[in-house]
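Some notes on the structure that comes next.
Please read all numbers here as calculations on a predicted model, not as lab measurements. Ligands are counted one by one from 1 in listed order, and the atoms in each one are counted from 1 as well.
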Amino acid sequence: MAKYQQLVDQLREQIEAHIWPTGEKLPSLRQQAEQSGLSLMTVMHAYEVLESQGWIVSKPQSGYYVAPRAASSRARPPVQAIARTDQADTNSFVFDVLQATRDPAIMPFGSAFPDPELFPQRQLMRSLVKVSHTLRPGDALNNLPPGNEALRKILAQRYAQQGITLSPDDIVITNGAMEALNLSLQAVTEPGDWVVIENPSFYGALQAIERLKLNAIAIASDVQQGIDLQELEQALQRWPVKACWLMTNRQNPLGYTLSAERKQQLVALLARYDVAMIEDDVYSDLYSGQDKPLPAKAFDRDGRVLHCGSFSKNLVAGFRVGWVAAGRYAQRVQRIQLMSTLSTSAPMQLALADFLSTRSYDTHLKRLRQTLAKRKQLAQQALRRVLPADAHVSDTPGGYFLWIALPEHINTTALYHLALQAGISIAPGQLFSSGDQFSHCFRFNTAWPWDSRAEAAVETLGQLIAQLAGARR
Ligand SMILES: Cc1ncc(COP(=O)(O)O)c(C=O)c1O
């Protein structure tokens, strides 16, 4: 295909996907030539073709703009491609919400972290003190990417307990899962590539996609069923998708866990379209019932799944240690880490390796799961007492989030602002999607002690919701 035609097709798809909405100015000829590496003549020819087909209009002395009928003349695509400007808006709102949850005077129902009092702080400190006594000057170098060998071996053994055979060399230790996810995304994409996420999805995915100048396609996901695999396949047929960033266990914010069968179908589908999968599995140990659900990684036959985990949600948030089992991308991830943050802190890696070599970790996890389950139940009961009868509270097992859908006319961003003034944070639906279809939903963190403070905060939240419901009637 001629080069100008490739650019024509690319821009047409972007206009159809509302990446360039009606009336938006396209990059100038010179900018487009620089971005695409094409000659000015080729770009000019492509723009002329698009203009002759009615997709764009030129305004003298100003540039090229998306024509009014271009976006509206076609049916809305079945999946939602996200405009970059929307992502940027989400970004600053996420920042505000996260800042608010740091204030100890605020009841942190909007936080993503569990109550740190549930973590074995004393034992962890004992490990940290122990390793600090034996720390040698060479340890900084010994723990460079891929990271501490003992820690990687322990992680490989934990995968093996689930029947997943991985070499410690497949694993890279990172600064929390956030770094694991970001490095993974960078390892499998180039700027301008297309990436699939869930709708709604963890806001960290939207932020990473924006930072790396990627294009996002959000696929409908449902509290019960999880991601719609049919819609995903349609997106894979329609867009040249390079990677998916998905959660398969206790998805944030909806809380669902995909069945093993659907995980297997998902990996097979991605293999058919040669798409890499970044699996965000930070809540993997917070399951309910006897058995830990398998990750999608368990069905990966050709190393395309980059499985990202963390200790932040189940052991210690402040150490900032996570990992990625990166399969065929392990070397690339290491190289990018070396060029960005260099490595994870050596004492933190050593302390975790020390702690995990005892049996305390599994005992702690078991107790943590029990406490979280009790707290979640109490929170559900309290919320049901104060929410409108037609509100829906998700009831997915495990983890510590509830996803609450209020009647559609109640805006949870307005609720967020009102609640904050009353000393309560929530995570409004707007954080998890660039569209507005979750503007009546919010995520509620149930991991806090269920005491009079929490009860009073839920009562207040109920009153604010009633106030908002009344105001719109
Ligand atoms: C779904 C999800 N993934 C990743 C992270 C980041 O984890 P970490 O603290 O290990 O960087 C979070 C934290 O909120 C999360 O909720």
Say whether [X] and ligand 1 are in contact under the criterion: heavy-atom distance to a ligand atom below 4.0 Å.
{"X": "L181", "answer": "yes"}
{"X": "F311", "answer": "no"}
{"X": "R320", "answer": "yes"}
{"X": "K313", "answer": "yes"}

Any atoms of ligand 1 less than 4.0 Å from a non-hydrogen atom of [X]? List them with their elements.
{"X": "G176", "value": "10 (O), 11 (O)"}
{"X": "V282", "value": "1 (C), 2 (C), 3 (N), 4 (C), 15 (C)"}
{"X": "A112", "value": "14 (O)"}
{"X": "Y283", "value": "1 (C), 15 (C), 16 (O)"}
{"X": "M247", "value": "1 (C)"}

| message | As a test of understanding, state which of F202, F442, W403 forms a ring-ring contact (aromatic ring centres under 6.0 Å, His included) with F432. | response |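 So, applying the ring-ring contact (aromatic ring centres under 6.0 Å, His included) to F432 and each of F202, F442, W403, only W403 qualifies.
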
| request: Could you check W323, F113, F119 and say which one makes a ring-ring contact (aromatic ring centres under 6.0 Å, His included) with F311? | output: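 When W323, F113, F119 are each tested with F311, the ring-ring contact (aromatic ring centres under 6.0 Å, His included) holds only for W323.
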
| Worked check of side-chain hydrogen bond (donor to acceptor under 3.5 Å, both in side chains) between T248 and E279 | CA-CA 7 Å; T248 56; E279 186 175 20; 2.6 Å; yes

| At what distance is the nearest protein heavy atom to atom 10 (O) of ligand 1, and which residue and atom is it? |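 Among all protein heavy atoms, the one nearest atom 10 (O) of ligand 1 is S310 OG, 2.5 Å.
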
| task | Just need the protein heavy atom nearest to atom 4 (C) of ligand 1, so name the residue and atom and give the distance. | result |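 Nearest neighbour among protein heavy atoms for atom 4 (C) of ligand 1, to 0.1 Å: F202 CE2, 3.5 Å.
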
| field | Row check, Y287 ring normal vs R250 NZ/CZ: under 6.0 Å, within 45° | value |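 Checked: cation-pi criterion not met.
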
| field | F444-F401 aromatic ring centre distance below 6.0 Å | value |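 No, they do not, as the ring centres are separated by 6.0 Å or more.
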
| Can the ring centres of F355 and F319 be said to be less than 6.0 Å apart? |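 Between F355 and F319, the centre distance exceeds or equals 6.0 Å.
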
| task | Under 4.0 Å, heavy atoms only, figure out whether ligand 1 is touched by the backbone of A177, its side chain, both or neither. | result |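 It is both backbone and side chain that touch ligand 1.
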
| task | Kindly confirm or rule out an N or O of D280 lying under 3.5 angstrom from an N or O of ligand 1. | result |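 Yes - when backbone and side-chain N and O of D280 are compared with those of ligand 1, one distance drops under 3.5 Å.
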
| task | Check step by step if side-chain contact (heavy atoms from CB on, under 4.5 Å) holds for V324 and I278. | result | CA-CA 9 Å; V324 51; I278 298 159; over 6 Å; no

| request: Applying side-chain hydrogen bond (donor to acceptor under 3.5 Å, both in side chains) between N249 and each of D281, T257, D280, report the one that passes. | output: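 Single side-chain hydrogen bond (donor to acceptor under 3.5 Å, both in side chains) partner of N249 among D281, T257, D280: D281.
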
| field | R332 vs Q186 side-chain heavy atoms within contact, under 4.5 Å | value |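 Answer no - side chains too far apart.
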
